[in-house]
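Remember, it's 1-based here, ligands and their atoms both numbered in the order they're listed. Being a predicted model, the structure only gives us computed values, none of them experimental.
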Amino acid sequence: MHSPYEVAADDRALLLGGDDDDQHLEGNAMRIGFIGLGIMGRPMALNLLRGGHQLTVWARRPESMQPLLDAGASGAASPAALAEQAELVISMVADAPDVEQVMLGENGVASGGQSGLVAVDMSTIRPSAARSIAGRLLAGGIDFLDAPVSGGEVGAVAGTLSIMAGGSTAAFETAQPAFACIGRNIVHVGDSGAGQVAKAANQIVTGVGVLTVAEALNFAARSGVDPARVREALLGGFASSRILENHGQRMLDRNFKPGFKSWMHQKDMNIVMQSAHELGLCLPLAAATAQMFNAMVGSGLGEEDSIAILKLLERLSGGEG
Ligand code: NAP
């Protein structure tokens, strides 16, 4: 059986067409550079290859690049080298300092990209950081979109991510042929930073959501009732949600393999709380959830999936966790 990360041999022949000269690119195919090939970036990059784009990749660890090279992508020696040949560069790294480094650091995209290049960061970072990076790239003639995603590893593999973009309409339109390969619900939310604001709002809903589902299932179990039957009952009523459906099932299976690492969700709740602080906003549920993710990292659960918040609740409730 093929791993979801493999491109079938037939697809590869079709993609490569025996000649990777960009003059032979067809239709909407673009020369795309992709940086950051982790849980999300790797399947997203593979879907760009499957979509017929000419793909060059860079990752700081060579082993992260190998599955993409095996599937037909070219490798670059640095983000600058990757940007030299590209019409569009996409990054999917971790946090704002990482995006700064690959875009604006030594041998970064800014030092190789031609004027007119569009750079898209799809990581989740602070809206203010996205605006700052956009301004500095624009000074070198590079248009920048913040375009974080929701949908998790499953959505990345299936090419059905929700994409929330902030930046110019021209850059958004340029990125469409790439977005079409990796996402399904693609929304131009507003100006620079607006995509990251939407993503922070998304993380309030999903962070609070995963905590409430864990609370409900732990409550059922500690009340001596089968949490699987409780989940089944709740799925038919107003308490139903995709979080109850998908994350709830994984909690029942005690499948804590990431997925979405807890330290990443902690990062995202910190983005939410920092924005709340700057704006003077009251976000009581997000604040409590942020504390729980702090405790997860402090308890050594940072590398486990965010649904391991169930383990923390169990420990706090006198259970084994
Ligand atoms: P991940 O598996 O840890 O992958 C992150 C990748 O970025 C790694 O391959 C890492 O390289 C690379 N990277 C990080 N910092 C870098 C730097 N300074 N220079 C070069 N490469 C760097 O994380 P992920 O789950 O794919 O998440 C990526 C982003 O998507 C995060 O912003 C996250 O919040 C967001 N996101 C994740 C999910 C999800 O369900 N996982 C869903 C939506 C959004 P190495 O391989 O060398 O470590």
Trainee: So for atom CD, which belongs to Glu106, do other residues, nucleotides or ligands contribute more than 12 heavy atoms lying within a distance under 6.0 Å?
Mentor: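 Check fails, neighbour count at 12 or below.
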
Trainee: Considering only non-hydrogen protein atoms, determine which one is nearest to atom 32 (O) of ligand 1 and report residue, atom name and distance to 0.1 Å.
Mentor: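 Here the nearest protein heavy atom works out to Ala94 O, 2.8 Å.
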
Trainee: Have a look at ligand 1 and work out which part of Ser64, if any, has a heavy atom under 4.0 Å from it: side chain, backbone, both or neither.
Mentor: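 The answer is the side chain.
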
Trainee: Using modelled atom types and a 3.5 Å cut-off, is there a donor and acceptor pairing between side-chain atoms of Arg231 and backbone atoms of Leu252?
Mentor: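 Absent.
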
Trainee: Just going by heavy-atom distances, which of Met44, Lys199, Gln101 is nearest to atom 44 (C) of ligand 1?
Mentor: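 That would be Lys199.
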
Trainee: Specify the protein heavy atom at minimum distance from atom 9 (O) of ligand 1: its residue, its atom name, and the distance to 0.1 Å.
Mentor: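 Looking only at protein heavy atoms, the one closest to atom 9 (O) of ligand 1 is Gly38 N, 3.3 Å.
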
Trainee: With heavy atoms only and a cut-off of under 4.0 Å, state how Met40 meets ligand 1: side chain, backbone, both or neither.
Mentor: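 Contact part for Met40 vs ligand 1: both backbone and side chain.
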
Trainee: Does the Asp305 side chain pair with the main chain of Ile307, one donor and one acceptor, at a distance under 3.5 Å?
Mentor: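 Yes, because the side chain of Asp305 sits within donor-acceptor range (under 3.5 Å) of the backbone of Ile307.
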
Trainee: Taking C-beta and beyond as the side chain, do Leu88 and Val118 meet within less than 4.5 Å on heavy atoms?
Mentor: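 Result yes, sub-4.5 Å side-chain heavy-atom pair found.
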
Trainee: How far apart are the closest heavy atoms of Gln196 and Thr124, and which atoms are they?
Mentor: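 Looking at all heavy atoms of both residues, the shortest contact is OE1-CA, 3.7 Å.
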
Trainee: Return the residue, atom name and 0.1 Å-rounded distance of the protein heavy atom closest to atom 34 (O) of ligand 1.
Mentor: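 Nearest protein contact, heavy atoms only, for atom 34 (O) of ligand 1 is Lys267 NZ, 2.9 Å.
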
Trainee: Pull out every atom of ligand 1 sitting under 4.0 Å from any heavy atom of Ser123, numbered as shown with elements.
Mentor: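 Close to Ser123: 32 (O).
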
Trainee: So that I can tick it off, tell me whether Arg229 and Glu232 are bridged by a salt bridge, with the cut-off set at under 4.0 angstrom between side-chain N and carboxylate O.
Mentor: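 A salt bridge is present here (some side-chain N lies under 4.0 Å from a carboxylate O).
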
Trainee: Out of curiosity, is Trp263 lining ligand 1, as in a heavy atom under 4.0 Å away?
Mentor: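 No.
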
Trainee: May I ask whether Ser150 has any heavy atom positioned less than 4.0 angstrom from an atom of ligand 1?
Mentor: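 Ser150: no contact with ligand 1 (<4.0 Å).
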
Trainee: Does even one non-hydrogen atom of Gly259 get within less than 4.0 Å of ligand 1?
Mentor: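 Gly259: in contact with ligand 1 (<4.0 Å).
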
Trainee: How far is atom 45 (P) of ligand 1 from the closest protein heavy atom, and which atom is that?
Mentor: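 Result for atom 45 (P) of ligand 1: Arg61 NE, 3.3 Å.
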
Trainee: Among all the protein's non-hydrogen atoms, which is closest to atom 2 (O) of ligand 1, and how far away is it?
Mentor: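 Going by distance alone, atom 2 (O) of ligand 1 is nearest to Ile39 N, 2.9 Å.
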
Trainee: Would you mind running through ligand 1 and noting each atom that sits below 4.0 Å from a heavy atom of Val149?
Mentor: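 Numbered from 1, ligand 1 contributes 43 (C), 44 (C).
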
Trainee: With a 3.5 Å distance limit and no angle check, can you tell me whether Ser262 reaches the backbone of Glu304 through a side-chain donor-acceptor pair?
Mentor: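 Checked: pair present.
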
Trainee: List the closest protein heavy-atom neighbour of atom 27 (O) of ligand 1: residue, atom name, distance to the nearest 0.1 Å.
Mentor: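 The closest one turns out to be Met264 CE, 3.6 Å.
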
Trainee: Tell me the nearest of Val93, Leu37, Val102 to atom 5 (C) of ligand 1, using heavy-atom distances.
Mentor: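 Looking at heavy atoms only, the winner is Val93.
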
Trainee: Which atoms of ligand 1 have any heavy atom of Trp58 under 4.0 Å away?
Mentor: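 Result: 20 (C).
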
Trainee: Would Lys261 count as a contact of ligand 1 if the rule is a heavy atom under 4.0 Å away?
Mentor: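 Flag set, Lys261 near ligand 1.
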
Trainee: Output yes when a side-chain donor or acceptor of Ser275 lies under 3.5 Å from a complementary backbone atom of Ile271, and no otherwise.
Mentor: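 Yes; judged by distance alone, with no hydrogens or angles, the pair exists.
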
Trainee: Mark yes or no for whether Thr289, through its side chain, and Leu285, through its backbone, hold a donor-acceptor pair below 3.5 Å.
Mentor: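 Such a contact is found between Thr289 side chain and Leu285 backbone.
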
Trainee: Determine yes or no for a side-chain-to-main-chain donor-acceptor pair under 3.5 angstrom, with His53 supplying the side chain and Pro177 the backbone.
Mentor: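 Pair found, side chain donor or acceptor close to backbone of Pro177.
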
Trainee: Just to confirm my output: which protein heavy-atom neighbour is closest to atom 16 (C) of ligand 1, and how far is it?
Mentor: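 Nearest neighbour among protein heavy atoms for atom 16 (C) of ligand 1, to 0.1 Å: Arg60 NH1, 3.3 Å.
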
Trainee: Ring-plane angle category for Phe179 and Phe172, please: parallel below 30°, perpendicular beyond 60°, tilted otherwise.
Mentor: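 The arrangement is tilted - the two ring planes meet at 30° to 60°.
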
Trainee: Measure Met92 to ligand 1 on non-hydrogen atoms and call it side chain, backbone, both or neither using the 4.0 Å cut-off.
Mentor: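 Both the backbone and the side chain of Met92 come within reach of ligand 1.
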
Trainee: Closer than 4.0 angstrom, basic N to acidic O: yes or no for Arg254 and Glu314?
Mentor: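 Yes.
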
Trainee: To the nearest 0.1 Å, how far is atom 35 (C) of ligand 1 from its closest protein heavy atom, and which atom is that?
Mentor: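 Ranking protein heavy atoms by distance from atom 35 (C) of ligand 1, first comes Thr124 OG1, 3.7 Å.
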
